[in-house]
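First the structure, in the form of structure tokens, and then the observations on it.
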2 protein chains.
Amino acid sequence: MLAAHGGEAPGGDARGVSRFPFSAAHAQAIRVVAGWMEEAGLSTGCDEFGNLIGIRPGRGDGPAIILGSHMDTVPCGGIFDGALGVVAGVEVAAALHESGRRLHHALAVVGFADEEGHQFGVGTLASRCVTGGIPRERSALLRGRDGRTLAESLAAFAPGLPRCAFPERAAAYLELHIEQGPVLARSGRRVPAVSTITGIARTAVVLEGESNHAGTTPMTDRRDALVGAADVILAVRALARAAGAPAVGTVGALSVSPGASNVVPGRVDLSIEFRTIDGVRLRNLCAGMEAEIQQVGQNRGLSYHIGDWDLRDPVPMNEGVQRAIAQAIRDAGCEPFAMPSGAGHDAMNLAPHMPSGMVFVPSAGGFSHSPREWTDWEDAALGAGVLARTVVLLDEAGR
Amino acid sequence: MLAAHGGEAPGGDARGVSRFPFSAAHAQAIRVVAGWMEEAGLSTGCDEFGNLIGIRPGRGDGPAIILGSHMDTVPCGGIFDGALGVVAGVEVAAALHESGRRLHHALAVVGFADEEGHQFGVGTLASRCVTGGIPRERSALLRGRDGRTLAESLAAFAPGLPRCAFPERAAAYLELHIEQGPVLARSGRRVPAVSTITGIARTAVVLEGESNHAGTTPMTDRRDALVGAADVILAVRALARAAGAPAVGTVGALSVSPGASNVVPGRVDLSIEFRTIDGVRLRNLCAGMEAEIQQVGQNRGLSYHIGDWDLRDPVPMNEGVQRAIAQAIRDAGCEPFAMPSGAGHDAMNLAPHMPSGMVFVPSAGGFSHSPREWTDWEDAALGAGVLARTVVLLDEAGR
């Protein structure tokens, strides 16, 4: 079990898995998975960003079909998030290896080093690096929680595999992942293709009023930044609800200054995040929110600052790959359907460079980033089977 | 200037005064004020709680009239809060001394060691200790921000004065203080008696929902503790406004867990404080708030915990002392009036033990606990004059 290599908190117990990028646990997990890869007939190595790559040549000399997901977890995470897609990729390779079937395309299985963003504060970091989404000179200087730069962490990282290159050309990227939400489990369905990976817009807002004595300042004299923040929190929720599913809006971080029970809050810093699968609607949510904040400032006598929106557009999955996945679902005896992903995934960084698709399996109860994260093994196996069948269908179609 | 003895941040500049109890700055301030006291004919000492006491006997052997306020400040506070009442007390003693006038009562001037509660988290600590409001065995164990207990701080405190006792019997306690709010300055009046020191009810509330992925959790599935907190913040404000001035309600402290921009908040801890001058209304505000929180829990799918209310009843000032102050105001050529105090003061701890009264002077712009705190020197002098005249009136009346 990969989950046994979970750093401080071994998997399977109530504390969950904490496998951080470039840790000893990460190196150990790479060695374990590389062993499985070798058994499955893949030759293994690590690229310059610490990504584990197993590859076997195809009959032709065309580009590879890549299967993958990520090796790292959040602190006290579950055993499926990321690991499932890597292990399922190895299983697909093993099944092909055992059946003696040789594909036209090369087959690569990838375990990305850093997707959760826990160490360096950048989500899907490893797949962004490998696809040029972050210039090398900038990524090298990213500083982690342990005080070391990414370059320093990589230099010290010794998983004990030969250095190899990430496949430059690829025919497709396929990622099996848990949904991480309650929608799929509740739908009663088991294995959809992903239609689109959600767009995300995030900003930081500062509200400033006047810090004052909570006993001697009459209610009518107050410019209470926290009262304004309450308006903002409710407006974020109202806007997201008005936009309708799958749009969501969240204030997840908030701090009050000076933060004493007997002082009227003078300043509040808070985060705002919207997600939806339509780029125009996403921008409308941002614009609507700015108007709301202006209104709050006026009503409550506050000044405000809205940071630049960090906006990542929705990433639609490739139509041809989606069709192949739908066929594979049908071949597995299920009714094909597709759903958007509310979370970001490595696939969104690969999609601009190669036809990309994702397969979801349900998260029981919707739990993720938690020791309670769970997917029934039957569902996980079904997902891996759809992944394998999709590889065969894409291999045949791309011959 | 007492403000020059302000610890890390010398007074008069933009950083304000930071004179914390039992600090070197506090000891130095005690020596300076004790010097002034000696010049004013008072013999000086410190009691077992670090309170500075200057006393001169009266013609009779009756109890003392005590003038006082506190020596300590909040971090980066103003030069008037506390210091004014102590220095004015010394001025009254000096004026009597220079005029050769001997009172029937003894006269004591007190500088309480710790009123702001910054070091040990307990407001009006020194006057509570000295009046038995906190049993000695409990106060000794209070632990300060520097890690030392109150007993340890007191043992190490060496202001260099002989040990003396706080006057056991007293005819009256009088405290001159700045208002610390905008009401008096805005009224155009300059020097009122305080009618009542506000009651305060404070509690800590925990709201618990479910921490979840901000991308994959639909709006309709969320149990967002911060959305519930927004409802609570607005309800505190609405209840206080509905109760009418001088009632106030504040959420001053709030923390969000886990507190990441991409995670639905699972838990919020917040403070609630109500103040008003009527004990029944104060209890009604608490009860009303509990009903609101219950409603919020129901609406937002949250569980909640409301801590025990820390409720301090309003403390009316002594009628006879108020009448004497009113006469003194009239004698100073002003129209007598009275107003409540929205802040707590040492006088509220002394009031149950002796006839007590307070005189306010305006805070320009309403600023306090800030380097911007200001009272015009003419107003400060007028307040000191009213204090002096009140002493004479009480002395004559109590003969």
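Order of the sequence lines fixes the chain letters, A, B, ..., with proteins taken first and strands second; residue numbering starts at 1 for each chain. All values below come from the heavy atoms of this structure, side chains included, with hydrogens, waters and symmetry mates left out. Here the structure is a predicted model, which is why all the values come from computation and not from measurement.
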Check whether any side-chain heavy atom of [X] lies under 4.5 Å from a side-chain heavy atom of [Y], and answer yes or no.
X: B:Phe367; Y: A:Glu210; value: yes
X: A:Pro218; Y: B:Pro246; value: no
X: A:Asn262; Y: B:Glu273; value: yes

Among [options], which has the most heavy-atom pairs under 4.5 Å with chain A?
options: B:Gly181, B:Ser271, B:Ala214; value: B:Ala214
options: B:Asn212, B:Ile200, B:Asp221; value: B:Asp221
options: B:Gly123, B:Ser368, B:Pro265, B:Gly366; value: B:Pro265
options: B:Gly344, B:Ala225, B:Pro182, B:Ser211; value: B:Pro182

**OP:** Can you spot which of B:Ile233, B:Thr250, B:Val236, B:Val251 makes a side-chain contact (heavy atoms from CB on, under 4.5 Å) with A:Val227?
**Re:**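 Checked B:Ile233, B:Thr250, B:Val236, B:Val251 against A:Val227; only one passes side-chain contact (heavy atoms from CB on, under 4.5 Å): B:Ile233.
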Is it the side chain or the backbone of [X] that comes within 4.5 Å of chain B heavy atoms, both, or neither?
X: A:Ala229; answer: neither
X: A:Ala260; answer: backbone
X: A:Gln180; answer: both

Output the distance between atom [atom1] ([X]) and atom [atom2] ([Y]), rounded to the nearest 0.5 Å.
X: A:Thr216; Y: B:Leu184; atom1: OG1; atom2: CG; answer: 11.5 Å
X: B:Asp231; Y: A:Leu234; atom1: CG; atom2: CG; answer: 5.5 Å
X: B:Arg300; Y: A:Arg237; atom1: CZ; atom2: CZ; answer: 5.5 Å
X: B:Ser261; Y: A:Ile272; atom1: OG; atom2: CD1; answer: 11.5 Å

Heavy-atom pair count under 4.5 Å with chain B, highest-scoring of [options]:
options: A:Arg202, A:His369, A:Glu179, A:Met219; result: A:Met219
options: A:Gly259, A:Ser363, A:Ala240; result: A:Gly259
options: A:Leu226, A:Val263, A:Thr220; result: A:Leu226
options: A:Asp224, A:Val232, A:Thr217, A:Leu254; result: A:Leu254
options: A:Ser255, A:Gly252, A:Ala343; result: A:Gly252
options: A:Ala253, A:Ala245, A:Ser257, A:Ala204; result: A:Ala253

Subject >> Contacting moiety of B:Val183, where chain A heavy atoms sit under 4.5 Å >> reply: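 Interface part for B:Val183: side chain.
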Subject >> Contact class of B:Arg275 relative to chain A, heavy atoms under 4.5 angstrom >> reply: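 Side chain only.
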**OP:** Determine whether more than 12 heavy atoms belonging to other residues, nucleotides or ligands lie under 6.0 Å from atom CZ of A:Arg189.
**Re:**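 Yes - once you tally the heavy atoms of other residues, nucleotides and ligands closer than 6.0 Å, there are more than 12.
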Subject >> Where B:Arg222 and A:Gly249 come nearest, the two heavy atoms and their spacing >> reply: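 Heavy atoms only, the tightest pair is NH1-O, 3.3 Å.
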